[in-house]
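Here the structure comes first, spelled out in structure tokens, and everything after it is commentary.
A quick note: this is a predicted structure, and the numbers were derived from the prediction, not measured. Side chains included, hydrogens not; waters and symmetry mates left out as well; all remaining heavy atoms used.
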Amino acid sequence: MFSHTVLAGWAVLTTFPLVWAFVSAFKDDKEILTGAWSLPSRLRWENWSRAWTEANIGRYFLNSAIVVSGALVLTMLLGAMAAYVLARYDIRFGRLIYFTFVGGMMFPVFLSLVPLFFVVKNLGLLSTHLGLIFVYTAYSLPFTVFFLTAFFRTLPTEVGEAAMVDGCSHWGLFFRVMLPMARPGLVSVGIFNLLGHWNQYVLPIVLMQGEGAEQKWVLTQGLTALTINQGYAGDYSALFAGMAIAMLPVLILYLVFQRQVQSGLTAGHLK
């Protein structure tokens, strides 16, 4: 009973700010300032359209979708390939490579911002989506490799051996046999990477600079600009609508894939 009470309280503390933000997105400024805890008198969808068009949330949303999609595909492909080799093959310096990836999880991003800025600048990728995609991928690979290496080790070796006996190549074994079997783990780490990429703020603010960079800003930068501008203008309803638009995709994805996420997190303990 006590544990259920604690979990229920934690659930309320977690979901209440989200519900409050979505409810406030349908209020006008007067209702937000005078009745912060009350329900809106009506659903004001014009707040959402105003945030999408006038505050350029639509453009920032598209930029984030491009960057996050590209980074997620690269991260999952490269991370799964590296993790599979480290988990299933006895290669030279395999443990060293694995612990190098693990060590990358402990390296604070703030320590590398200055050299990273100059590296991206010298490559001609400053203020470009491609530059952000590569940087996101590099910073997501350590956790991805660490997570998927442990997951690939739990998969039965007999299935892979049977596929090789039937004439399956190493590439075919990976893409046609092992990847489908590792789907729960892939979905779990994919959701975590998606959240990290979608909510990333420090890297875009450093790498998206210069003339015309505002056109390529991602959603976190756009929301920050909206917070400052609308805060002075007093258009809090558009601000809450922009926040709701930013939260909605990740909430929907988690609700759709929550079973796969849970099964992926517990698979290593059930094997």
Validate the cation-pi geometry between Arg50 and Phe240: distance from NZ or CZ to the six-membered ring centre under 6.0 Å, angle to the ring axis within 45°.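 Negative - Arg50 is either too far from the ring of Phe240 or too far off its axis.
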
Could you list the cluster mates of Leu111? Members are the ILVMFWY residues connected by side-chain heavy atoms closer than 4.5 Å, either directly or through other members.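 Besides Leu111, the hydrophobic cluster comprises Phe107, listed by chain and residue number.
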
Starting from Leu39 and following side-chain heavy-atom contacts under 4.5 Å between hydrophobic residues (I, L, V, M, F, W, Y), which residues can be reached?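 Hydrophobic cluster check, Leu39: joined to Val19, Val23.
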
Only counting residues at least two apart or in another chain, list the ones meeting side-chain hydrogen bond (donor to acceptor under 3.5 Å, both in side chains) with [X].
{"X": "Gln221", "value": "none"}
{"X": "Glu54", "value": "none"}
{"X": "Arg95", "value": "none"}

Side chain to side chain contact (heavy atoms under 4.5 Å, CB included) involving [X] - partner list, sequence neighbours excluded:
{"X": "Trp10", "value": "Thr14"}
{"X": "Phe61", "value": "Trp52, Trp198, Leu219, Ile245, Pro249"}
{"X": "Val159", "value": "Pro156, Val177, Met181"}
{"X": "Phe175", "value": "Leu77, Trp171, Leu179"}

For residues 135-145, which residue pairs qualify under side chain to side chain donor-acceptor pair (under 3.5 Å), counting only residues two or more places apart or in two chains?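 Non-adjacent pairs meeting side chain to side chain donor-acceptor pair (under 3.5 Å): Ser112-Tyr139, Ser140-His197, Thr144-Asn193.
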
Acceptor/donor pairs from residues 80-94 side chains to any protein atom, 3.5 angstrom cut, sequence neighbours excluded:
{"from": "Arg88", "atom 1": "NH1", "to": "Phe152", "atom 2": "O", "distance (Å)": "2.7"}
{"from": "Arg88", "atom 1": "NH1", "to": "Leu155", "atom 2": "O", "distance (Å)": "2.9"}
{"from": "Tyr89", "atom 1": "OH", "to": "His170", "atom 2": "ND1", "distance (Å)": "2.7"}

Side-chain donor-acceptor pair under 3.5 Å between Ser237 and Asp28, yes or no?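 Result is no, nothing qualifies.
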
Review item, side-chain donor-acceptor pairs of residues 119-127, under 3.5 Å, at least two apart:
{"from": "Asn122", "atom 1": "ND2", "to": "Phe118", "atom 2": "O", "distance (Å)": "3.0"}
{"from": "Ser127", "atom 1": "OG", "to": "Gln209", "atom 2": "N", "distance (Å)": "3.0"}
{"from": "Ser127", "atom 1": "OG", "to": "Gln209", "atom 2": "O", "distance (Å)": "2.1"}

